[in-house]
Amino acid sequence: MPSLTPEQVRLMLLERCGADPDDAEAAAAALDQAPPDLLEELYRTIESDMGGLKWLQWPKPPPEQPLAGLYPLLSAVPLMDAFHRERGLDRAASDLVLADIGEKLRLNRRMHGGAGLDVAGWFTGHLRGSLYQLGRLQFCVEGAESKPLLGMHIRGEGGPLSPEAVADSVSQAVEFFPRVFPERFAGREAPTFTCTSWLLDPQLRDWLPERSNILRFASLFDLVGPASQPGTNGHEDVWRFAFAAVPATPAADLPEDNTLQRSLLKGIRAGVEWQVPMGVLALDRL
């Protein structure tokens, strides 16, 4: 793995990832404590699979080293930059991708009370050139070569999930991916868009206001498969993304700072077990 200095870590987090100063300083200070063998192993999984689909299954960082997964990602930024430039993308597009790291560092601090990146493996899609931020939404290249898909993902800090913002993002994606990945998407009909998220849980209709942007977003999808996708956890996702809380947090201790939190808590107190369905976007509903 290319060597990093604490100052490189700090500046990259501040200038490329939009991280908060507290997280940048903590990551710089903890660099020399990270296990080098693990960092090298994780970096090589990215280096050997540039252009690979989706994300890689990384182990959780050691409890005593909650930032261990961050450093291989930062070391791989030059690989990502080179991949993007080969595809005709500029630094602004690259920095939009990296901004998700700063967001997740903030979320980790709210959840755990300190610096860490407990979902570092998620960013292997970003660094290998699979995931892109287009307007409000993220899109990840997925699916078999004969049937390519675009997975849709929703950043917490992206702003309102309005119908107009969603339509704009999808419109950008319809143009972006055939241009940037012609070998997968050019000469085909519009890509198939999928989303696997607790935001698509039909049970939300019973608890959220009728004009909720979340419900309007969910109405754009046709659900497929089981009520909750294998490997997903509605409880964990709702606690993490709606409340910035670890899954073990008692419902009585969850915040009630906004309409979404208050609505979800009503469902939780009524015994609702939240699900993570998969849906296929119906383009004609945009």
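Keep in mind that what you see is a predicted model, and the values were worked out from it rather than measured.
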Chemist: Using modelled atom types only, decide if a donor and an acceptor are shared between the side chain of Ser169 and the backbone of Leu134 within a distance under 3.5 Å.
Modeler: yes
Chemist: Keeping Thr249 on the side-chain end and Ala245 on the backbone end, is there a donor-acceptor pair under 3.5 Å?
Modeler: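 Absent.
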Chemist: Is any side-chain heavy atom of Trp122 less than 4.5 Å from a side-chain heavy atom of Leu131?
Modeler: yes
Chemist: Is it true that the side chains of Gln133 and Asp100 contain a donor and an acceptor less than 3.5 Å apart?
Modeler: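 Short answer, no.
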Chemist: Under 3.5 Å, is there a donor-acceptor pair between the side chain of Gln65 and the main chain of Gln33?
Modeler: yes
Chemist: Is any side-chain heavy atom of Leu137 closer than 4.5 Å to a side-chain heavy atom of Leu161?
Modeler: yes
Chemist: Please say yes or no: joined through hydrophobic side-chain contacts below 4.5 Å, possibly via intermediate residues, are Leu223 and Val280 part of one cluster?
Modeler: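 Result: no, two separate clusters.
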Chemist: Do you know which of Glu103, Glu25, Arg106 makes side-chain contact (heavy atoms from CB on, under 4.5 Å) with Asp20?
Modeler: Arg106
Chemist: Could you verify whether a donor N or O on one side chain and an acceptor N or O on the other, from Trp274 and Asn233, lie under 3.5 Å apart?
Modeler: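 Side-chain D/A pair, Trp274 to Asn233: absent.
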Chemist: Does any N or O in the side chain of Arg285 come within less than 3.5 Å of the main-chain N or O of Leu281, such that one atom is a donor and the other an acceptor?
Modeler: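 Flag not set: sc Arg285 to bb Leu281 has no pair under 3.5 Å.
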Chemist: Tell me, yes or no, whether the heavy-atom count around Glu210 atom CD, taken from other residues, nucleotides or ligands under 6.0 Å, exceeds 12.
Modeler: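 Not buried by this count: 12 neighbours or fewer within 6.0 Å.
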Chemist: Are Met278 and Met152 linked, directly or through other ILVMFWY residues, by side chains that come within less than 4.5 angstrom of each other?
Modeler: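 Different hydrophobic clusters.
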Chemist: Donor-acceptor pair, distance only, cut-off 3.5 Å: does the side chain of Ser171 make one with the backbone of Asp168?
Modeler: no
Chemist: With rounding to the nearest 0.5 angstrom, report the CG to CD distance, Asp237 to Gln275.
Modeler: 12.5 Å
Chemist: Can you tell if the side chain of His112 reaches within under 4.5 Å of the side chain of Pro66, non-hydrogen atoms only?
Modeler: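 Side-chain contact under 4.5 Å: no.
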Chemist: Please report the closest heavy-atom contact between Leu31 and Thr5, naming both atoms and the distance.
Modeler: CD2-C, 3.6 Å
Chemist: Let me see the working for Glu142 and Leu53 under side chain to side chain contact (heavy atoms under 4.5 Å, CB included), right down to the final yes or no.
Modeler: CA-CA 6 Å; Glu142 303 177 13; Leu53 306 184; 5.6 Å; no
Chemist: Going through the checks in order, is the side chain to side chain contact (heavy atoms under 4.5 Å, CB included) test met by Arg262 and Asp257?
Modeler: CA-CA 7 Å; Arg262 290 188 289 272; Asp257 298 332; 5.8 Å; no
Chemist: Answer yes or no: does atom CD of Glu145 have more than 12 heavy-atom neighbours from other residues, nucleotides or ligands under 6.0 Å?
Modeler: no
Chemist: What do the steps show when you test Asp23 against Arg10 for salt bridge (charged side-chain N to carboxylate O under 4.0 Å, His left out), and what is the final call?
Modeler: CA-CA 9 Å; Asp23 288 320; Arg10 189 182 71 83; over 6 Å; no
Chemist: Closest approach of Gln229 and Val224, non-hydrogen atoms and distance?
Modeler: NE2-O, 3.6 Å
Chemist: Under the side chain to side chain contact (heavy atoms under 4.5 Å, CB included) criterion, do Leu149 and Phe139 qualify, and how do the steps go?
Modeler: CA-CA 10 Å; Leu149 307 173; Phe139 299 88; over 6 Å; no
Chemist: Looking only at non-hydrogen atoms, find the nearest pair between Pro62 and Leu38 and report the distance.
Modeler: CD-CD2, 4.1 Å
Chemist: What distance separates Leu70 CG from Leu105 CG, expressed to the nearest 0.5 Å?
Modeler: 6.0 Å
Chemist: Can you tell me if Trp239 uses its side chain to pair, donor with acceptor, with the backbone of Ala248 under 3.5 Å?
Modeler: no
Chemist: With the threshold set at 4.0 Å, does a side-chain nitrogen-carboxylate oxygen contact exist between Arg269 and Glu256?
Modeler: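 A salt bridge is present here (some side-chain N lies under 4.0 Å from a carboxylate O).
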Chemist: With side chains defined as the heavy atoms from C-beta onward, is the minimum distance between Pro209 and Leu215 less than 4.5 Å?
Modeler: no
Chemist: Measure across Ala242 and Leu264 and return the closest heavy-atom pair with its distance rounded to 0.1 Å.
Modeler: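 Heavy atoms of Ala242 and Leu264 come nearest at CB-CD1, 3.4 Å.
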Chemist: Nearest 0.5 Å please: distance from the CZ atom of Phe217 over to the CD1 atom of Ile154.
Modeler: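 Rounded to the nearest 0.5 Å, the CZ-CD1 separation comes out at 4.0 Å.
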Chemist: For Glu64, does the CD atom have more than 12 heavy-atom neighbours from other residues, nucleotides or ligands under 6.0 Å away?
Modeler: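 Counting other residues, nucleotides and ligands, CD of Glu64 exceeds 12 neighbours.
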Chemist: Taking it one step at a time, do Leu74 and Leu13 satisfy side chain to side chain contact (heavy atoms under 4.5 Å, CB included)?
Modeler: CA-CA 8 Å; Leu74 297 181; Leu13 287 172; 4.1 Å; yes
Chemist: Where the side chain of Ser263 meets the backbone of Thr259, is there a donor-acceptor pair that is under 3.5 Å apart?
Modeler: yes
Chemist: Would you please say whether a donor-acceptor pair under 3.5 Å links the side chains of Ser130 and Trp55?
Modeler: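 Short answer, no.
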Chemist: With a 4.5 Å cut-off on side-chain heavy atoms, are Thr192 and Leu150 touching?
Modeler: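 Of all side-chain heavy-atom pairs linking Thr192 with Leu150, none is under 4.5 Å.
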Chemist: Do Gln261 side-chain atoms and Phe243 backbone N/O form a donor-acceptor pair below 3.5 Å?
Modeler: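 Not at all, since once roles are kept as given, no pair shorter than 3.5 Å links the two residues.
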Chemist: Given the side-chain rings of Phe193 and Phe221, with only the six-membered ring counted for Trp, is the space between their centroids under 6.0 Å?
Modeler: no
Chemist: Group every Ile, Leu, Val, Met, Phe, Trp and Tyr by side-chain heavy-atom contacts under 4.5 Å, then state whether Val238 and Leu260 land in the same group.
Modeler: yes
Chemist: Is it true that, when you exclude Glu273 itself, more than 12 heavy atoms of the residues, nucleotides or ligands shown sit nearer than 6.0 Å to its CD?
Modeler: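 Incorrect, the count does not exceed 12.
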Chemist: Are Asp81 and Arg16 within salt-bridge range, i.e. N to O under 4.0 Å?
Modeler: yes
Chemist: Hey, what do you get for CG (Leu220) to CG (Leu283), rounding to the nearest 0.5 Å?
Modeler: 9.5 Å
Chemist: Mind checking whether Leu204 and Ser212 have side chains closer than 4.5 Å, heavy atoms only?
Modeler: no
Chemist: Could you state whether Leu14 and Ile101 fall into the same hydrophobic cluster, counting links through intermediate Ile, Leu, Val, Met, Phe, Trp or Tyr residues with side-chain heavy atoms under 4.5 angstrom apart?
Modeler: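 No; tracing contacts between hydrophobic side chains, which count when under 4.5 Å, never links both residues.
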Chemist: Is the gap between the ring centers of Trp198 and His235 under 6.0 Å?
Modeler: no
Chemist: To the nearest 0.5 Å, how far apart are NE2 in His153 and OG in Ser197?
Modeler: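 Answer rounded to 0.5 Å: 9.5 Å.
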Chemist: Tell me whether the rings of Phe177 and Tyr132 are parallel (<30°), tilted (30 to 60°) or perpendicular (>60°).
Modeler: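 Perpendicular, since the angle between the ring planes exceeds 60°.
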Chemist: Using modelled atom types only, decide if a donor and an acceptor are shared between the side chain of Ser228 and the backbone of Val276 within a distance under 3.5 Å.
Modeler: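 Checking the backbone N and O of Val276 against the side chain of Ser228, a donor-acceptor pair under 3.5 Å is found.
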Chemist: Are Pro72 and Met1 close enough that some pair of their side-chain heavy atoms sits under 4.5 Å apart?
Modeler: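 Side-chain contact under 4.5 Å: yes.
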Chemist: Give the minimum heavy-atom separation between Arg85 and Arg91, together with the two atoms involved.
Modeler: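 Here Arg85 and Arg91 meet closest at NH2-CA, 3.3 Å.
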Chemist: Mark yes when over 12 heavy atoms from residues, nucleotides or ligands other than Arg44 sit less than 6.0 Å from its CZ; otherwise mark no.
Modeler: yes
Chemist: What's the shortest heavy-atom distance between Leu117 and Asn108, and which atoms?
Modeler: N-OD1, 3.6 Å
Chemist: Does one hydrophobic cluster hold both Leu96 and Met12, with members joined at side-chain heavy-atom distances below 4.5 Å?
Modeler: no
Chemist: So Phe185 and Val174, do their side chains get closer than 4.5 Å, heavy atoms only?
Modeler: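 No, every pair of side-chain atoms sits at 4.5 Å or beyond.
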Chemist: Donor-acceptor check, side chain of Arg136 to backbone of Val166, threshold 3.5 angstrom: yes or no?
Modeler: no
Chemist: Could you measure the distance from the CG atom of Leu4 to the CG atom of Asp32? Nearest 0.5 Å is fine.
Modeler: 12.5 Å
